[in-house]
Amino acid sequence: MTAPTLPGAHFRLALTPDGWRRNLSVHFAADGTIGEMFEDDNPTGLPVYENPVVPGITDLHSHAFQYAMAGLSEVRRNPVDSFWSWRDIMYFFALTLSPEDMQAVAARLYLSLLKGGYTGIVEFHYVHNDLDGTPYARREELSLAIFEAARATGLELTHLPVFYAHSNFGGAAPTEGQRRFIQDLDGYHAMLDALRAPAAEAGHVLGMAPHSLRAATPDEITRLMQMRDEMLPGCPVHIHVAEQMKEVEDSLAWGGKRPVDQLYDIAPVDERWCLIHATHLTAGEVTRIARSGATVGLCPLTEANLGDGIFPGSDFLAQGGHFGIGSDSNIASVAAQELQMLEYSQRLRDRQRNVLADAQRPHVAANLWTRAALGGARAAGRPEGAIAPGGMASFVELTSPEPEALLPVAEEVCLDFHVFAGRGFNVGDVVVRGRKVVQSGSHPQEEAILADYAAAMRRIAARLDDRKAG
Ligand SMILES: [Zn+2]
């Protein structure tokens with residue numbers, strides 16, 4: 001998409017890593033980064049934002065295709081429905097999508113994310129093969145569908161082709177339902193190689209993702225790290241870990257170690273890594289992650305929806321741990337809702353209020369937003385997530401539907417309203433790398449994206465019916 005490029009902006013009120021600042025004039029460089037930034041009472045020539053602005057958040061974990069199945073798995077089919085019975089439905093669903101559907105669904109999701117306070121995404125992409133499990137003529141076909149969705153919407157993309165080879169610890173053979181995900185190391189190498197040029201051309205960050213310790217053996221993870229040194233040195237690496245208690249038990253039964261300990265013993269986990277979920281941790285594992293500098297990718301609404309468990313957020317933050325938020329199964333596309341769920345999970349466990357705050361940032365919402373924006377950028381491998389010189393000019397305007405009622409009491413607590421009191425402050429403009437991608441809550445390609453999505457859903461519904469009948 002072509003969005004108007006701004007030369008800079010004047011913010012009456014902006015959330016920076018040092019807290020709220022007033023009357024900031026900010027100039028953008030040609031590459032979309034923030035150049036000069038200074039306080040200025042009389043700006044001239046810059047567009048003025050009278051409403052508060054906050055840094056855009058990178059959604060650090062998404063499986064875009066799951067947006068189309070949100071709401072379709074909320075029926076009890078089993079007295080003990082769980083993550084694992086949900087996963088069977090997801091596998092069934094994943095076997096229906098064409099490349100055209102993938103593109104339409106991802107674009108629909110990315111549109112929602114932009115309007116939900118996100119300016120970037122990390123796509124953890126594991127549907128690679130054709131419906132029958134054979135690779136497409138272009139192995140990277142479905143990754144290119146994701147690239148096209150990012151281009152059409154203007155959301156910044158970090159793309160992680162996923163290595164997925166097994167169904168459980170110890171290199172267990174994959175199941176028939178996983179056939180679209182499965183690759184060997186040579187196939188993965190070829191796909192990564194084919195994606196390098198188109199990713200560079202489009203400005204996407206390309207990274208790597210062993211799906212989990214269930215889907216990749218320790219030897220394969222070692223080989224993947226060699227591949228990384230050779231092809232994409234220093235690129236982001238993400239992995240699902242310790243999401244479910246069954247995974248912890250299977251890990252202990254197979255190798256005598258819990259999954260996070262196991263991962264740290266086989267891989268050079270550092271600040272370029274992102275551990276997705278990391279829900280079930282011992283005190284020692286919390287410290288190990290915090291000390292390594294890795295980011296934890298929390299997906300609070302998906303984790304609640306799937307009954308995963310509660311992340312030890314207060315302990316992790318007390319040790320200086322880094323985190324970001326992900327929409328994962330894409331049942332929600334609003335950053336504020338994820339942050340609200342994260343804080344509420346801690347309150348319900350601890351029977352306290354205002355848990356994820358500290359002396360430097362006593363406002364929970366400002367603390368969580370600032371940290372999630374920085375953590376998301378860190379996990380995405382981009383210098384952004386802060387309204388500060390050298391960062392990307394990616395920010396979100398918060399508009400009030402009742403400015404006369406709310407602004408007198410709520411200007412500096414606008415984020416508290418946005419995160420915890422849904423009736424105040426909505427997303428207005430969204431600017432990504434200096435380009436105005438959403439204007440006053442509207443996206444210029446919205447109509448076409450919604451029409452393509454509706455057409456994709458008709459095709460998907462017909463294929464689901466055929467498969468149920470077959
Ligand atoms: Zn996931």
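Read the numbers this way: they start at 1 and go in the same order the structure lists the ligands and their atoms. All of these numbers come straight from a predicted model, not from anything done at the bench.
Aromatic ring centres of F316 and H322 lie farther apart than the 6.0 Å criterion allows. Between Y188 and Y164, the distance separating the two ring centers is not shorter than 6.0 angstrom. Ring centroids of H159 and H125 are separated by less than 6.0 Å, placing the two rings close together.
Note on H61: counted as a metal contact of the Zn ion (ligand 1), an N/O/S atom lying under 2.8 Å. The distance from the Zn ion (ligand 1) to the nearest N/O/S atom of H240 is under 2.8 Å.
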D193 vs R196, test: salt bridge (charged side-chain N to carboxylate O under 4.0 Å, His left out). Steps then yes/no. CA-CA 6 Å; D193 192 34; R196 284 198 289 180; 2.8 Å; yes
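Nearest N/O/S atom of D328 relative to the Zn ion (ligand 1): this is OD1.
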